[in-house]
Each structure stands twice: as structure tokens, then as C-alpha cells.
Novice: 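Would you mind keeping the following structure in view while I ask a few things?
Residue numbering restarts at 1 for every chain, and letters A, B, ... go by the order of the sequence lines.
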Amino acid sequence: MPLSRVISDGRKGRRKVKMSDAKSGGGREREHRIEKLEKIRELGIDPYPYRFQRTHSIAGTIENREQLIAGEVRLAVAGRIMSVRGHGHTAFGHIKDDTGTIQFYIRDDQLDEHEFGLFKLLDVGDIVGLWGVLFTTRSGELTVRVANLELLAKSIRPLPEKFHGLQDKELRYRHRYVDLIVNDEVMKVFRMRSKILETMRQFLLGNNFLEVETPILQPLYGGAMARPFVTRHNALDMDLYLRIADELYLKRLIVGGMERVFEFSKDFRNEGMDRSHNPEFTMLECYAAYWDYNDMMGFVEEMFSTLATEVCGTTDIQFGEHSIDLSPPWRRLTFFEALHEVAGEDLRASGEGRLEEIARSREIDLEGISGRTALLDTIFSELVEPALIQPTFITDYPLELSPLAKIHRADRGLVERFEPYIAGFEVGNAFSELNDPLDQRARFEAQAELRKAGLQDAHPVDDDYIRALEYGMPPTGGIGIGVDRVVMLLTGATSIRDVILFPQMRPEEGRDGA
RNA sequence: GGGCCGCUAGCUCAUCAGGUAGAGCACCUGCCUUUUAAGCAGGUGGUACCAGGUUCGAGUCCUGGGCGGCUCACCA
């Protein structure tokens with residue numbers, strides 16, 4: 001009896017699970033298939049053999065079709081049966097591997113009896129290996145004429161319907177393997193994701209960055225304003241945090257003399273979930289000694305135009321209704337300049353009263369918002385952000401928002417920080433990194449005060465990080481890039497769940513009741 | 001957390017005002033040696049998310065719960 005069934009027995013509010021692992025899941029068809037599985041075994045055939053030697057991928061077969069047909073080459077391909085059209089003594093169907101789909105043609109007078117008997121016990125969804133030569137059908141389709149076939153894995157669960165496929169988003173996320181089998185565009189998105197990561201990595205390695213790995217389990221979290229997940233280490237008898245950022249570790253490495261480092265960091269933030277937030281997500285952070293944030297801006301422009309060129313073949317990409325030009329240089333605008341544009345006046349010196357007036361006149365909801373910084377931030381995200389469609393660097397933020405960034409060289413009230421915006425998304429966050437240990441301690445202590453005042457997301461003081469800075473960190477430019485959002489941008493996905501293979505979901509069986 | 005919407009066969013969906021659930025695909029049986037949403041004939045398949053309630057009778061109405069989608073808020 002399946003474990004899930006045992007656990008759920010007697011539990012109130014149990015949800016019926018579609019395609020469950022219970023015996024009823026998959027309906028009668030699953031039982032038919034298990035019967036066929038037994039018959040296959042009775043024929044002395046192992047329905048789950050150990051390997052298969054392919055001569056060609058399906059894409060390779062299609063690519064070399066002329067030589068393969070002309071030479072009457074006996075080839076071996078393998079894949080999942082996606083359709084079968086039986087005609088008594090013959091059958092057509094398609095198999096699919098991860099390079100493509102090809103038709104096969106099988107007829108009983110060209111196989112030994114044994115093998116055609118096996119074929120009759122196969123189903124859509126089974127994984128097979130086929131040997132044969134290529135030909136073109138009357139209707140012009142490239143087809144493998146099967147001379148021999150081998151079952152490589154029996155599928156006992158039916159695939160979704162061939163025409164509509166799997167639509168239900170819940171099932172698509174929960175049973176991503178099925179989604180990948182039947183929805184080709186899903187496979188395409190995740191191939192692009194891989195390509196994006198690879199291009200980023202190559203770009204960084206090509207610029208002499210060193211790829212490193214830093215702890216996910218941290219005794220003290222930091223590097224961002226967010227609530228962490230807490231976990232427990234039994235042997236040490238202590239709580240640990242899942243990292244919310246790897247920033248403070250990477251800068252320790254800069255102190256240690258690694259002059260350019262990066263990490264693809266799985267980060268975890270214990271907050272709400274929506275179209276652009278998953279509790280675990282991927283951040284690319286990179287730090288370069290002797291750079292400031294201006295150097296980093298140039299680097300980011302280069303990286304994104306390289307990405308778009310490698311992945312999409314052009315720096316002009318389409319996202320929803322927007323055409324976006326990622327080629328450098330990008331527009332650069334300070335935080336207060338951007339506000340000036342939308343508010344029609346310089347807000348740099350405006351008091352709380354004036355900021356509230358402006359917000360109200362634009363019908364911005366100010367519930368729970370108090371203080372000048374929060375007002376500025378709110379006005380910015382309501383009025384400025386949505387309009388930042390073409391790539392734009394917003395620079396020089398108010399000091400209060402950025403405890404890890406260096407004071408602006410020309411203005412003590414600002415920090416040297418920028419955020420790249422594309423299609424209204426904030427895709428990163430970068431600073432001239434604060435390397436004055438005494439200033440850093442003062443900033444941490446200011447955060448600690450905010451924490452005491454009830455701001456849970458404020459930074460805890462990280463004494464070891466300050467000690468590292470006390471040994472001396474060179475001037476450094478750093479950035480964190482939200483990789484999932486970049487993937488959304490380049491694939492046109494409108495939900496982060498469409499670029500994460502297994503997005504966080506509540507368990508199918510529902511929450512544990514009393 | 002709020003609002004709206006959804007949950008019916010393996011999948012995609014019907015079921016007008018409450019009367020004991022239906023189609024297509026898939027599956028099973030038979031026929032069919034170049035088909036391709038193959039075709040023809042016949043057939044199987046349901047705890048209508050769960051639990052209560054109203055009613056002679058509930059997929060349908062009411063209450064509570066579960067899961068999801070969209071959206072707003074919170075949150076970087």
C-alpha cells in the first residue's frame with residue numbers, strides 16, 4: 001500500500017489527488033498496462049533493460065537524412081513513443097528524444113513474429129529503441145522503417161491527451177516531468193535557462209572571475225533585508241539560517257585576496273510568494289576588487305548584451321508588448337532625477353509633508369508608510385519603476401536604504417548604489433562596496449536599532465565580517481543579479497514559476513490537521 | 001492576509017431554474033499493409049476536492065475546510 005495512502009487515512013480534509021499513486025490513479029488503463037507488462041515478461045523480455053546503444057540522435061538523423069537514405073544506413077534511435085496509428089499489419093507512430101521527434105513505420109512482414117508481438121504490447125509513453133533505415137513516406141515525411149525494436153522502459157501511466165496536452169497549471173508545476181514530456185515550449189524555456197547560466201558563467205570566467213561556493217547554512221544571515229528560514233543542527237545543538245544572500249562571504253574572499261569572485265547562489269527568503277517571488281531563488285553575485293559602481297555598470301551592460309546575443313540571437317528582445325533594446329549604453333538616471341521626472345519637482349530636500357501631498361495627489365496608498373525614506377521609496381516604486389521599460393540604471397540612493405554601500409564621493413547624503421531596471425523589473429542591486437570597517441560597524445549598529453524598534457528585516461550585526469574588513473578590503477564593486485528574473489525576461493515568461501522547474505507548492509495532501 | 005475565479009473519467013471540457021453524470025481524446029474488443037488530431041463498428045471507465053447542512057432528492061443551494069489560478073496588500 002502506498003505510503004501516502006497510509007498516512008492520509010483518517011485525516012480530515014484529505015484532498016483527492018489526481019494521477020495519484022493509489023491503485024485507482026491512472027484509472028483502468030494503468031491496470032491494462034501492468035497486465036501488458038506481465039505478458040512482456042512472459043515472452044521472456046525484460047521490460048526494463050540496462051542500456052541501449054544509439055547511433056544517432058533524432059536531430060542528427062534528420063540533419064543527415066540525405067546520406068542516411070542514400071547509404072541505406074541501418075541506424076539506431078531511441079525515445080518515448082508519443083503516438084501510434086495502428087493499421088492491422090502495420091503501424092505508424094512518433095518517437096521523441098531530447099533533440100526532436102521522428103516518425104517510425106513498422107510492419108509485421110519486416111519484423112520477426114516475436115518482435116511484432118512485443119510491439120502490440122507497447123503503449124504511447126513507452127521508451128523504445130528502434131533499428132532501421134530511413135525512407136520518406138508518400139506524404140513526404142521522414143520515417144524510420146523499423147527492422148528491430150527493443151523495449152527500453154514500460155510506462156504504466158497514461159500521458160495527457162494528445163491534442164490539448166496538460167493545461168492545468170497546478171498539475172504542470174506538481175508533475176513537471178509530465179509537463180516536460182508533453183509541452184515542448186516548457187523544455188525550451190529550461191534549455192534557455194541553462195544557456196543563460198552557462199553564458200553568464202563563461203562571461204565571468206572570461207573576465208578572470210573565480211567561481212566559488214560559500215555556505216548556505218549560516219550561523220548569522222546578512223547581505224539583504226529579508227526574513228530568513230531557520231533550521232536546526234543537532235550535533236552543534238544550534239539554530240542555523242538558510243542564506244538570504246552570499247554577499248558578506250564573497251567580500252570576505254575579496255579581503256582574502258581573491259580579486260574577482262562570483263557565485264550562483266541559491267538564496268532563501270521567508271516571505272510572500274507571487275509572480276516574481278519564489279521562496280528559494282537563484283542570485284548571481286559577483287565582486288571585483290579595484291572597481292567602483294561605475295565600472296560595474298559598464299560590466300553589466302556588456303553581460304546583458306552578450307546574454308541576449310548568445311541566447312536570443314539579438315539585443316532587441318520582445319517582452320510582452322514591449323520591444324526592448326539591451327545594447328549598451330543604457331540610460332543612467334539618479335534616484336532623485338527619476339523622481340524629479342515623474343513628480344515635476346526636485347524631491348531631494350522635500351519634507352515628509354510635501355512627499356505625502358505628492359503621493360496623495362497620485363492616489364498612492366500610504367497605509368503603513370511613514371518616514372521620509374519610506375515615502376520616497378514608495379513614490380519611486382509606484383511612479384518610476386513601472387515606466388522603466390528600456391534598460392535603465394537608477395543610481396545614487398538615499399543613505400538609509402543601503403547599509404552595505406559606500407557613501408557617495410560627491411554627496412554625503414547618498415550612497416554609490418545602482419539598480420538595473422528592465423521591463424519594469426528590478427534585475428539587480430550593486431554598490432561601490434563599503435570597506436571602511438568603522439563606518440560599517442556604525443551602519444550595522446543603526447540597523448540593530450531599527451531591529452529593536454521592530455523592523456524584523458533589518459541587518460543583524462556581523463562581527464566577523466567587520467573583523468574581516470578591519471584587515472583591509474580593497475575598493476570593490478559588487479552586484480547581485482536576480483537570475484530567475486533575467487530568465488523570465490529572455491524567455492518572455494510572466495511568472496517566476498515558469499522558469500523554476502519545481503516551484504514551491506503546498507503538499508498535495510493538504511496541511512496537517514489536528 | 002483581502003477580493004474574484006476554479007476543482008466533474010487518465011487528459012481537455014459539458015451538465016439552462018436541484019431529479020440519480022456526458023462528449024472528445026485515451027483505454028478495451030474486432031476490422032484495416034504509407035498513416036499523421038488515421039478510419040470504421042462495438043464497449044469499459046466517476047467517492048463530481050473534503051466534511052457538514054437544507055431538501056422527498058444536491059455536481060448544482062448554504063456553512064466550514066483543502067488545494068490552485070488571477071489580483072491587491074505586505075515584502076526587496
Novice: Closest approach to the side chain of A/R138, judged atom by atom: which nucleotide of B/U35, B/C75, B/U12 is it?
Specialist: B/U35
Novice: Any side-chain N or O of A/K36 less than 4.0 Å from the OP1 or OP2 oxygen of B/C28?
Specialist: yes
Novice: Which value, in whole Å, describes the distance between the P atoms of nucleotides B/C49 and B/G6?
Specialist: 12 Å
Novice: Measure from the side-chain heavy atoms of A/H164 and tell me the nearest of B/U12, B/C28, B/U35.
Specialist: B/U12
Novice: Would you say the side chain of A/R85 and the base of B/U35 hold a donor-acceptor pair, judged only by whether the two atoms sit under 3.5 Å apart?
Specialist: yes
Novice: State, to 0.1 Å, how close A/R193 and A/V499 come at their nearest heavy-atom pair, and which atoms those are.
Specialist: NH1-O, 2.7 Å
Novice: Does the distance from a Lys or Arg side-chain N to an Asp or Glu carboxylate O, for A/E433 and A/K251, drop under 4.0 Å?
Specialist: yes
Novice: Scan A/T494, A/D498, A/I500 and name whichever one has a side-chain contact (heavy atoms from CB on, under 4.5 Å) with A/I496.
Specialist: A/I500
Novice: Measure from CZ on A/R275 to C1' on B/C74 and round the result to the nearest Å.
Specialist: 16 Å
Novice: The side chain of A/F135 lies closest to which of these nucleotides: B/G46, B/U34, B/C67?
Specialist: B/U34
Novice: Please list, in numerical order, the residues of residues 103-115 of chain A that have a heavy atom closer than 4.0 Å to any atom of RNA chain B.
Specialist: A/Q103, A/Y105, A/R107, A/D109
Novice: Mind checking what makes side-chain hydrogen bond (donor to acceptor under 3.5 Å, both in side chains) contact with A/T378, not counting sequence neighbours?
Specialist: none
Novice: Suppose you measure atom C1' in B/U20 against the same atom in B/G46; what distance do you get, rounded to whole Å?
Specialist: 13 Å
